[in-house]
Protein chains: 2
Amino acid sequence: MRTAFYISDGTAITSEVFGHALLSLFPVEFEHDTISFVETEEQAIAARERINKAAKRTGEPPLVFHTFVNPKIREIIDSCDGVIYNFLEHFVAPIEKELKVAATPKAHRTHSIHENSYDNRIDAVNYSLANDDGSNITNYEQADVILIGVSRSGKTPTSLYLALQYGIKAANYPFIDDDMDDLRLPDFLKPHKHKLFGLTIDPQRLMDIRDGRMANSKYSSARQCRMEIREVEKLYKKEKIKYLNTTKFSVEEITAKILSMTGLQRHKY
Amino acid sequence: MRTAFYISDGTAITSEVFGHALLSLFPVEFEHDTISFVETEEQAIAARERINKAAKRTGEPPLVFHTFVNPKIREIIDSCDGVIYNFLEHFVAPIEKELKVAATPKAHRTHSIHENSYDNRIDAVNYSLANDDGSNITNYEQADVILIGVSRSGKTPTSLYLALQYGIKAANYPFIDDDMDDLRLPDFLKPHKHKLFGLTIDPQRLMDIRDGRMANSKYSSARQCRMEIREVEKLYKKEKIKYLNTTKFSVEEITAKILSMTGLQRHKY
């Protein structure tokens with residue numbers, strides 16, 4: 001299998017995202033290899049060695065996605081037996097021209113700590129953990145958003161992703177079986193109605209997920225799942241709460257849709 | 001302030017990463033605006049309108065980072081009053097030539113659910129939550145990695161990031177004041193020594209973080225923080241446990257360094 005390398009002097013997240021976006025367009029399988037924190041010429045030589053070995057082993061030149069701005073290190077990587085793709089090369093000059101400002105490569109630290117965004121995110125993670133799954137209903141003043149929905153509709157991973165990636169304080173509150181006879185918005189959520197966002201999910205998918213946790217239970221029965229989903233969706237509509245069906249979406253997509261539907265402010269861009 | 005737009009038919013995460021990597025090279029501030037899930041011509045026309053309004057308001061053409069492959073939508077966005085940067089344009093053809101395979105744009109769903117990676121990640125998040133902060137010490141068989149360290153050295157956000165981004169089951173276990181008199185590896189960790197990874201942090205930074213939680217306490221005192229850090233670092237060295245000082249790093253960097261130092265296998269690339 002042909003190898004794709006993602007290399008950088010930092011996390012290499014940018015190289016990975018760049019390379020994946022391109023490779024996902026092709027019906028070809030790759031072996032992926034990330035080499036992060038290549039900060040010295042020695043490390044660059046070792047990285048080149050790793051690429052050259054892959055070239056020999058697979059008999060095909062690896063695809064190498066990188067974003068080096070340091071000319072010395074870049075030269076070493078560029079001299080490997082792989083095929084080089086570096087988007088900075090193509091775009092820095094046109095943007096310099098447009099902005100009438102020279103690039104200052106030292107600032108190239110996309111994923112490092114800056115502008116308090118770190119503390120913001122850690123605070124948000126702590127908030128989201130402390131306010132997960134209805135574990136604390138007295139703290140909603142501080143929430144940026146409160147996700148609501150039935151058990152296993154995606155609330156917890158979405159809350160954590162909002163907090164970790166964007167520094168958004170996301171609480172979440174579950175509706176449980178006991179609520180279902182006469183489902184209404186609990187009094188303590190009413191003052192925060194503008195912050196509520198509902199999640200829903202196809203009953204069949206909900207059944208599958210719940211069955212993985214508690215097989216052959218009432219909790220995972222078709223009847224129960226259908227009833228819970230019907231009731232929460234009725235509530236969302238009656239209370240005019242924005243909501244999203246998460247069935248076909250990844251955490252990234254659910255989060256991006258929530259940001260787009262609510263206009264929530266990110267603390268990290 | 002000049003505006004930068006990040007636009008896509010999906011989450012726009014790729015456009016954001018692409019744009020940020022470039023703009024972070026310039027000492028210029030931007031107002032950022034993401035328009036995600038532009039999937040129809042109508043939505044593309046609305047996005048173009050938003051760009052054109054920003055152009056009018058700021059008096060400068062916005063920078064527009066996008067990754068559209070659908071030619072109709074792309075044409076609409078490209079006809080806006082902004083300056084267009086689209087890396088697919090530059091790289092698809094060379095990669096087609098190299099792979100001798102035509103790109104199949106429908107596959108362009110970088111951040112959508114595929115290959116069980118979703119279930120992997122949700123399982124990993126549930127595992128990491130259930131095994132956070134030493135809350136469960138009987139489940140380490142299933143762990144891919146167990147982070148250890150003193151309180152507030154970054155264990156929880158790092159565990160969650162490993163789980164959410166890479167589907168890695170990351171438990172974490174804290175050393176507390178009571179352990180410090182004679183710090184040693186607890187018996188229940190010994191069988192899993194190969195999975196242990198230590199976090200440490202500069203005592204001054206630890207003090208600042210702890211002081212934010214519990215001001216003027218023993219917990220946040222200079223003496224206590226220095227002592228705890230000294231003891232855990234001694235333990236890491238004695239037991240030959242790989243470790244990392246997290247003081248100057250973001251969650252992305254800490255995670256990337258752990259992956260690089262341990263060779264941990266990601267479940268999502």
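Chain letters run A, B, ... following the sequence lines, proteins first and then strands; every chain starts at 1.
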A:Ile122 and B:Val251: side chain to side chain contact (heavy atoms under 4.5 Å, CB included), yes or no, with the steps?
-> CA-CA 9 Å; A:Ile122 301 301; B:Val251 186; 4.1 Å; yes

Heavy-atom distances under 4.5 Å only: say whether B:Arg152 touches chain A with side chain, backbone, both or neither.
-> side chain

Within a strict 4.5 Å, meaning less than it, do heavy atoms of the A:Phe26 and B:Ile95 side chains meet?
-> yes

Under 4.5 Å from a heavy atom of chain A, the part of B:Leu160 involved | both

Going by heavy atoms in the side chains, are B:Leu25 and A:Glu96 under 4.5 Å from each other?
-> no

Which of the residues A:Val125, A:Leu129, A:Leu164 is involved in the greatest number of heavy-atom pairs with chain B at under 4.5 angstrom?
-> A:Leu164

Does A:Tyr161 reach the side chain of B:Gln165, with side-chain heavy atoms less than 4.5 Å apart?
-> yes

Using non-hydrogen atoms and a 4.5 Å limit, figure out which bit of B:Val83 sits close to chain A: side chain, backbone, both or neither.
-> side chain

Do B:Leu99 and A:Arg2 come close enough that some side-chain heavy atom pair is under 4.5 Å?
-> yes

Which is it for B:Thr34 and A:Arg266 under the side chain to side chain contact (heavy atoms under 4.5 Å, CB included) test, yes or no, and what are the steps along the way?
-> CA-CA 11 Å; B:Thr34 295; A:Arg266 313 159 177 217; 3.6 Å; yes

Under 4.5 Å heavy-atom distance to chain A, tell me which part of B:Asp133 shows up: side chain, backbone, both or neither.
-> neither

For residues A:Ser36 and B:Ser260, report the shortest heavy-atom separation together with the two atoms involved.
-> OG-CB, 3.6 Å

Between B:Arg205 and A:Asp119, is a salt bridge (charged side-chain N to carboxylate O under 4.0 Å, His left out) present by the stated rule, with each step listed?
-> CA-CA 12 Å; B:Arg205 173 77 183 138; A:Asp119 285 345; 3.0 Å; yes

Chain A heavy atoms under 4.5 Å from B:Leu259: which part of the residue, side chain, backbone, both or neither?
-> neither

Region of B:Val101 that comes under 4.5 Å of a non-hydrogen atom in chain A = both

Side chain, backbone, both or neither: which part of A:Ala163 has a non-hydrogen atom closer than 4.5 Å to chain B?
-> neither

Taking all non-hydrogen atoms of both residues into account, name the closest pair between B:Phe91 and A:His90 and its distance.
-> CZ-CD2, 3.3 Å

What's the shortest heavy-atom distance between A:Glu253 and B:Phe37, and which atoms?
-> O-CZ, 3.7 Å

Bottom line for B:Glu60: the part with an atom under 4.5 Å from chain A's heavy atoms is neither

Indicate the ring-plane relationship of A:Phe87 and B:Phe18, choosing parallel, tilted or perpendicular according to the 30° and 60° boundaries.
-> perpendicular

Under 3.5 Å, side chain of A:Thr11 to main-chain N/O of B:Ala256, donor-acceptor pair present?
-> no

CZ on B:Arg213 to CG on A:Asp123, rounded to 0.5 Å | 10.0 Å

Part of A:Asn86 lying under 4.5 Å from any heavy atom of chain B | backbone

Distance col, row B:Leu63:CG vs A:Glu98:CD, nearest 0.5 angstrom, shows 6.5 Å

